[in-house]
Amino acid sequence: MGSDGQLKQDMRNVALNLTANLIWQLLVVFSALSVIFVLRATEGEGLAAEIRVPAWLILLIAAGGIGTAGFVYVTSKRASVVRGRRQATKSNVALLASRRRVDASSRIIRSTRFGRWPPNEDLSNRTNFRQELEQAIVDEGADVRRIWNVSSAADAERLKLLLHRYEGRTNHSIRAYFGVADHLMPELLIVDSRGASISFASTRTPHSLDWAVHIKRKDLVYVVRDFFDVLWDRAEKILDSGEITEAGRAAIARFEANIPTGGDRNR
């Protein structure tokens, strides 16, 4: 999406949120005026008074209330939280798979690979996520950007393997950080026009991710995407539109020459 298109989209999102806030304010004003009207119309008797109201007016108010509630729900209630490694990874797979609801020529995926996992963990959702990502890159030609945190020998080896696999795929780019403490940064997944996910380190085992916040509200999705773009701009270029960079090769070689101690547990 170009800068003009992005600006128009941002303006629409701001307008929607302003409209939702205005509706809430009008409801508050309407409620207050209704109380005043009832008190004056019943000469202060309030709920003890008997008044006649046309049926069509009651139906109109009810329909307006339902419509308003639906509008506010759609525009402002767009987030959910899941806890537990299986649930978090399952919901991320579902978010990635939802890209199929977007036109093939407009599929844009932004993802990080920062988390660490217990050794020898057999989790089908991780395999499913890799398969979905592979299909998006190879079969669908989706615009996919990934940021890695390379913090072990296994990371470096897998990264080199994927570089050769995706070399020449102009729709795929990879950038990386090297040796950053894996619990410092959340994992991000942004699927344009579908939503975003932020997965955090566990409070019990800081080297593992086991809960996630999923967001569908567009203005909040843009915030997550902006955070991704900040990380992207500062990361080392490894695979640039399908081309393995010399700077990336050198960065991997430097890391391998000084591999930190510790287990290789990254996914």
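We use all heavy atoms of the structure for the numbers below, so side chains are in, but hydrogens, waters and symmetry mates are not.
Within the 4.5 Å cutoff, side-chain heavy atoms of R100 are placed close to those of E140. You'll find the side chain of E134 stays beyond 4.5 Å of the side chain of F129, heavy atoms only. Looking at I215 and V213, their side chains come closer than 4.5 Å, going by heavy atoms from C-beta outward. At least one side-chain heavy atom of L161 sits under 4.5 Å from a side-chain heavy atom of R165. Looking at heavy atoms from C-beta onward, E187 lies out of side-chain contact with L189 at the 4.5 angstrom threshold. S199 is not listed as a side-chain neighbour of P186, based on a closest heavy-atom distance of 4.5 Å or more. Side chains of E243 and K237 form no contact here, defined as non-hydrogen atoms less than 4.5 Å apart. Inter-residue side-chain proximity for V138 and R169 is flagged as met; some heavy-atom pair is nearer than 4.5 Å.
When atom types are taken as modelled, the side chain of H172 and the backbone of V144 share a donor-acceptor pair closer than 3.5 angstrom. One N or O on the side chain of Y177 and one on the backbone of L231 form a donor-acceptor pair closer than 3.5 Å. In this structure, T245 contributes its side chain and L239 its backbone to no donor-acceptor pair below 3.5 Å. A donor-acceptor contact shorter than 3.5 Å links the side chain of T112 to the backbone of L188.
For the pair D192 and R99, the salt-bridge criterion is not met [side-chain N within less than 4.0 Å of a carboxylate O].
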Problem set entry | Worked check of side chain to side chain contact (heavy atoms under 4.5 Å, CB included) between E157 and E256 | CA-CA 9 Å; E157 286 300 319; E256 289 181 314; 3.4 Å; yes
Exercise. Stepwise, does the side chain to side chain contact (heavy atoms under 4.5 Å, CB included) test hold for K90 with V93?
Worked result: CA-CA 5 Å; K90 181 179 179 180; V93 171; 5.8 Å; no
Problem set entry | Candidate pair W148 and I174, rule side chain to side chain contact (heavy atoms under 4.5 Å, CB included), full reasoning | CA-CA 7 Å; W148 281 51; I174 297 174; 3.8 Å; yes
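When the side chains of ILVMFWY residues are joined at heavy-atom separations under 4.5 Å, either directly or via intervening members, F227 and V180 end up in a single hydrophobic cluster.
Here the closest non-hydrogen pair linking G179 and N149 is N-OD1, 3.8 Å. The shortest non-hydrogen separation linking V102 to R107 is O-NE, 2.9 Å. Of all heavy-atom pairs spanning I252 and L159, the tightest one is CD1-CD2, 3.9 Å. Pairing each heavy atom of V221 with each of G195, the nearest pair is CG2-CA, 4.0 Å. Contact record, I238 with A176: CG1-CB, 3.7 Å, taken as the closest heavy-atom pair. Taking each heavy atom of W232 and R175 in turn, the nearest pair found is O-NH1, 2.9 Å.
With values rounded to the nearest 0.5 angstrom, I190 atom CD1 is found 9.0 Å from S197 atom OG. Annotation: the span from D229 atom CG to R234 atom CZ amounts to 10.5 Å, rounded to 0.5 Å.
Checked against side chain to side chain donor-acceptor pair (under 3.5 Å), E236 has no partners two or more places apart in sequence or in another chain.
Of the N and O atoms on the side chains of Q135 and R130, not one donor lies less than 3.5 Å from an acceptor on the other residue. A side-chain donor from one of S111 and R146 sits under 3.5 Å from a side-chain acceptor of the other.
Note: F255 and F178 have tilted aromatic rings, judged against thresholds of 30 and 60 degrees for the angle between ring planes.
With I137 as the fixed residue, the side chain to side chain contact (heavy atoms under 4.5 Å, CB included) test singles out one of D143, L162, N171, I109: N171.
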